[in-house]
Amino acid sequence: MSGMTDLDFEMLGSAIGSALAKGLDESELRKDQRAREQADLERQKEEAAQIGNALERTIRTFERERETICMTTRAAVREVSTNARANMWESLQKDPRMPRTINYQERYKALVGLQDRSKMLSLLKSTLDLANTLLKEAEHIDVQAAVLDVAEGFRSNICALDGLIVAQPDRRADSPTEESTEQLSVKKEIASLDFGMLMRQTFLRSLGEMSEKERLAMEAYESEKEREEALRKRINCACDAAMQAGDSYRQVLAQEVAGKALVLDDMPAFTKQVGVTPLQDLDLLQQLAVQVDKSFKTFSQVVQDNGLYAAFSSQKDYGNCRRYGYGRYYLDDFYAVFGGGSARSCSEEGIPSSVEEDEGGDSIKRAIERMATFNSMPYDGFLDDDFQVHVDAFWYGFRKLMESANNLVKIDLFELGAYCNDLLNDVIKKVNALAVRMDERQAIQFSKDVAACVGEPKA
């Protein structure tokens, strides 16, 4: 090193400096290259996400349109089922083989509002007569037979849809070409009614691979906005192609389903056993009715002698005007008999009476014993100042009789409801199998044909 001149040192320093500078330049170039590659990778990921999202949105849009068509037909069938079920319940309620009920609470409210003692007693007597009629009819209750008949009526109403024909499809200028029909036929062999796979294949085929010329053109765009616009146009074209493929497929299916009939000849009849549990002893109830009738004679005399303010319990419901509420009962002539009466409410606990029952409430046998005791007590007419005991006794017996008459049996109609639901689901499945192949025009016409069948059960 001692032999090197100043010039040598200067040349060596220059060479080392050049080497370092070159190494730094190459390092910066590599960093720039890696940054560009990372940016390209991120851009590719973003573009792939845009493409995937656009494809899924297109498929969802098409599926919503298809589901709307199916919903149109299902709604029409459900409407038929709703009407048929309403008719079934109404028929069951009116069937003489079913136990009837008395809306005695509503009757009582109406009686409280009357101003004419003779009318009040007449209407009360009609209620007692109805209770006696219900007890006699209870001997002929045949719930199973009544349910079998109404279930068959429901099935008949639903099967009125049997044989409905799918109309011709909408004739469009853009009907599928021979080439597209062939492609669709191949597609159906892959997966029947799988619109999604067909649309994805068409989308990706339309989108295609970007050529080198297109890639260079994309890179030549001066702004990110221009590149995004170019990509958007490619995606839109692919989406349009996918939708057109789906439309073509639907047209082919609509042509195939035209003229096909809804077949409901295998709808099963109702064969299950409904649950019927007797809750009352009819003999005891009839004995109670006899005692209540006896009490009513004394009660009537009390009201005739002392007026309407003596007609109700010592809790004095008479004259207390409260909000009127209607409870739904069937086969009761409440409105026909009591129409025009001013209705007032009894207490929330029901028909009041000062008679204190045993813990848990009196049994029917205990009620008969009580009523026999009350009926053995004399009523001395207008001068009897202890007539209230006869009033409370009557309302006690009246309430016990009505509650029991309305609760003769416990009926479990779960199997009937389940049968109706199962029948409806079977019909909807059959309808849906046709609807997924229909176009909008066919679905609308089919729904109209379904609606026209309401109330026209087949024999």
Side-chain angles (χ1 to χ4, degrees), residues 59-85 151 154-172 175-176 180-201 242-243 245-270 417-454 456-458:
I59 294 175
R60 284 197 300 269
T61 298
F62 191 87
E63 288 177 342
R64 281 196 298 269
E65 293 175 358
R66 179 180 170 215
E67 178 59 20
T68 298
I69 290 175
C70 294
M71 286 175 62
T72 300
T73 58
R74 289 199 299 267
V77 173
R78 290 186 187 280
E79 181 67 18
V80 172
S81 172
T82 298
N83 293 334
R85 195 179 294 237
F154 177 81
R155 191 182 77 89
S156 179
N157 278 312
I158 292 295
C159 288
L161 306 181
D162 182 43
L164 287 184
I165 303 297
V166 180
Q168 292 300 313
D170 187 14
R171 298 297 182 184
R172 297 169 52 177
S175 295
S180 63
T181 301
E182 180 181 355
Q183 293 171 350
L184 295 174
S185 178
V186 173
K187 171 59 190 170
K188 284 192 289 185
E189 293 178 2
I190 297 174
S192 177
L193 297 181
D194 189 350
F195 291 86
M197 186 181 296
L198 171 66
M199 295 178 72
R200 285 184 176 88
Q201 290 177 349
M243 285 295 288
D247 285 335
S248 297
Y249 190 22
R250 185 157 58 192
Q251 290 174 51
V252 170
L253 294 175
Q255 291 172 4
E256 290 180 352
V257 79
K260 293 190 179 297
L262 176 65
V263 179
L264 301 178
D265 57 1
D266 58 346
M267 294 292 100
F270 179 73
Y419 167 77
C420 294
N421 291 337
D422 291 343
L423 205 64
L424 172 62
N425 290 335
D426 288 345
V427 173
I428 286 181
K429 286 180 182 178
K430 292 176 180 292
V431 169
N432 212 54
L434 298 174
V436 293
R437 293 168 169 82
M438 296 180 194
D439 63 16
E440 184 177 8
R441 178 182 181 278
Q442 289 172 316
I444 292 175
Q445 184 58 51
F446 190 85
S447 299
K448 290 180 180 179
D449 294 341
V450 168
C453 290
V454 176
E456 300 178 4
K458 289 192 174 183

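Everything quoted here is computed from the prediction, not taken from an experiment.
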For [X] and [Y], work out which heavy atoms get closest and say how close.
X: Ala167; Y: Gln445; result: CB-CG, 3.8 Å
X: Val436; Y: Cys70; result: CG1-SG, 3.6 Å
X: Pro169; Y: Gln442; result: N-NE2, 3.5 Å
X: Val257; Y: Val166; result: O-CB, 3.6 Å
X: Arg155; Y: Tyr419; result: CD-OH, 3.3 Å
X: Phe446; Y: Val431; result: CE2-CG1, 3.9 Å

Could you tell me if the side chain of [Y] sits less than 4.5 Å from the side chain of [X], heavy atoms only?
X: Arg78; Y: Ile428; result: yes
X: Val80; Y: Asn157; result: no
X: Phe270; Y: Leu423; result: no
X: Arg74; Y: Asn432; result: yes
X: Asp266; Y: Lys430; result: yes

Can you establish whether the number of heavy atoms outside Met267 located under 6.0 Å from its atom CE is more than 12?
->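 Count over threshold, so yes.
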Answer yes or no: is there a donor N or O on one side and an acceptor on the other, between the side chain of Ser447 and the main chain of Thr72, under 3.5 Å?
->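 Side chain of Ser447 to backbone of Thr72, a donor-acceptor pair under 3.5 Å: yes, one is there.
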Under 3.5 Å donor-acceptor, Arg441 side chain and Gln168 backbone |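 Side chain of Arg441 to backbone of Gln168, a donor-acceptor pair under 3.5 Å: yes, one is there.
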What distance separates Leu264 CG from Ile158 CD1, expressed to the nearest 0.5 Å?
->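 Spacing of CG (Leu264) from CD1 (Ile158) equals 8.5 Å.
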Atom OG1 of Thr73 and atom CD1 of Ile444: how far apart are they, to the nearest 0.5 Å?
->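 If we round to the nearest 0.5 Å, Thr73:OG1 and Ile444:CD1 are 11.5 Å apart.
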Where do Leu164 and Val450 land on the side chain to side chain contact (heavy atoms under 4.5 Å, CB included) test, with the steps shown first?
-> CA-CA 8 Å; Leu164 287 184; Val450 168; 3.6 Å; yes
